[in-house]
Amino acid sequence: MNGTPMVRAGWIEVITGCMFAGKSEEAIKRITKEQYSRERHVVVFIPQKARRRVTMSNAEEIDTAGKVVSRSGKVIECVEFDETTPWEIVRKLSPGVTTVVIEEAHFCDNELVKVCKHLAEKCKIRVIVIGLDQTFDEEPFGPMPALMAEAEYVTKELATCTECGSQNASKSWLDSRALDNVQEGKILVGDKQYRAVCRHCYGRLADKYPKKN
């Protein structure tokens with residue numbers, strides 16, 4: 001970002017990318033900077049549906065219920081909400097909040113776009129949204145595409161491809177053996193069954209392991 005925005009100016013930022021790209025790490029960095037300021041009050045929200053166990057870089061597993069967790073070990077407490085009714089975020093806000101962070105936004109109803117606009121335009125709040133941009137079969141994920149179009153700032157994080165080592169991994173490959181457990185909406189909550197791959201390796205894996213229709 002260029003310059004220093006006004007303290008009470010509202011805007012939307014999106015941090016997106018595939019699995020294992022460091023989205024939560026980037027979000028935690030921004031949250032930490034906000035917490036350094038005496039004039040800023042940050043509240044972090046996360047959908048109930050996002051609860052899972054995350055494997056850290058030291059192989060430890062952490063339950064993410066009510067937390068934003070990066071795989072480097074950083075943890076920030078947050079407020080859970082029902083992803084089907086994102087206006088719950090507005091109802092849970094207290095006076096004086098200057099920054100709202102919404103983690104795992106891809107799980108949310110598309111109404112989240114209106115909620116974010118309301119927070120930025122009516123409440124003059126800085127809104128930071130984090131989520132996957134694509135499902136495991138390369139479809140746009142939930143409200144993320146619309147949020148990316150609406151946002152003033154979009155950061156797309158890339159991962160390391162587990163197949164070829166490229167630093168341009170932008171796809172989340174799902175082990176075909178886990179497909180029977182996929183929920184409605186093409187979601188499998190968790191991270192053990194996923195791998196980050198570049199577009200070229202994704203194509204090779206898709207040819208080698210055709211997915212069920």
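Here, residue 1 is the first one in the sequence, and each next residue gets the next number.
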Could you list the donor-acceptor pairs under 3.5 angstrom formed by side chains in residues 108-122, with sequence neighbours left out?
unit_1, atom_1, unit_2, atom_2, d
Asp109, OD2, Glu111, N, 2.8
Glu111, OE2, Trp87, NE1, 3.0

How close do Val129 and Ala105 get, counting heavy atoms only, and between which atoms?
CG1-CB, 3.3 Å
Rounding to 0.5 Å, atoms CD1 (Ile130) and OG1 (Thr155) come to a distance of 10.5 Å
Which atom pair, heavy atoms only, marks the closest approach of Trp173 to Tyr209?
CH2-O, 3.9 Å
CG on Asn168 to CG on Leu158, rounded to 0.5 Å
5.5 Å
Quick check: closest heavy atoms across Val101 and Val42, and the distance to 0.1 Å?
CG2-CG1, 4.0 Å
Charged N to carboxylate O under 4.0 angstrom, Lys23 versus Glu103?
no
Just verifying a value: how many Å separate Met148 CE and Glu13 CD, rounded to the nearest 0.5 Å?
14.0 Å
Does Lys33 have more than 12 heavy atoms from other residues, nucleotides or ligands lying within 6.0 Å of its NZ?
no
Salt-bridge present (Arg195, Glu163; N to O < 4.0 Å):
yes
For Gly165, does its backbone N or O pair with a side-chain atom of Thr160 as donor and acceptor, under 3.5 Å?
no
Taking side chain as C-beta onward, heavy atoms only, is Glu139 less than 4.5 Å from Gln134?
no
Who passes side chain to side chain donor-acceptor pair (under 3.5 Å) against Glu157, sequence neighbours left out?
none
Are any of the side-chain heavy atoms of Val79 and Val44 separated by less than 4.5 Å?
no
Does the His41 side chain pair with the main chain of Thr98, one donor and one acceptor, at a distance under 3.5 Å?
no
Side chain to side chain contact (heavy atoms under 4.5 Å, CB included) assessment of Met19 paired with Leu132
CA-CA 7 Å; Met19 297 285 289; Leu132 296 164; 4.0 Å; yes
From Glu34 CD over to Arg40 CZ, what is the distance, rounded to the nearest 0.5 angstrom?
4.5 Å
dist Phe107:CZ -> Ile46:CD1 (nearest 0.5 Å) comes out at 8.5 Å
Quick check for you: to the nearest 0.5 Å, what is the distance between Ser24 atom OG and Glu104 atom CD?
6.0 Å
Which atom names give the shortest non-hydrogen contact between Pro145 and Gly142, and what distance separates them?
CD-O, 3.4 Å
Flag side-chain contact, heavy atom, 4.5 Å: Thr99 against Ile128:
yes
Side chain to side chain contact (heavy atoms under 4.5 Å, CB included) assessment of Ile102 paired with Ile89:
CA-CA 9 Å; Ile102 306 167; Ile89 293 171; 3.8 Å; yes
Side chains of Phe45 and Lys92 in contact at under 4.5 Å (non-hydrogen atoms):
yes
Got a sec, which residues hit side chain to side chain donor-acceptor pair (under 3.5 Å) with Glu26, two or more places apart in sequence or on another chain?
Lys29, Arg30
Consider side-chain contact (heavy atoms from CB on, under 4.5 Å). Of Cys164, Cys18, Ser170, which one does Cys198 pass it with?
Cys164
Can you tell if the side chain of Tyr194 reaches within under 4.5 Å of the side chain of Ser172, non-hydrogen atoms only?
yes
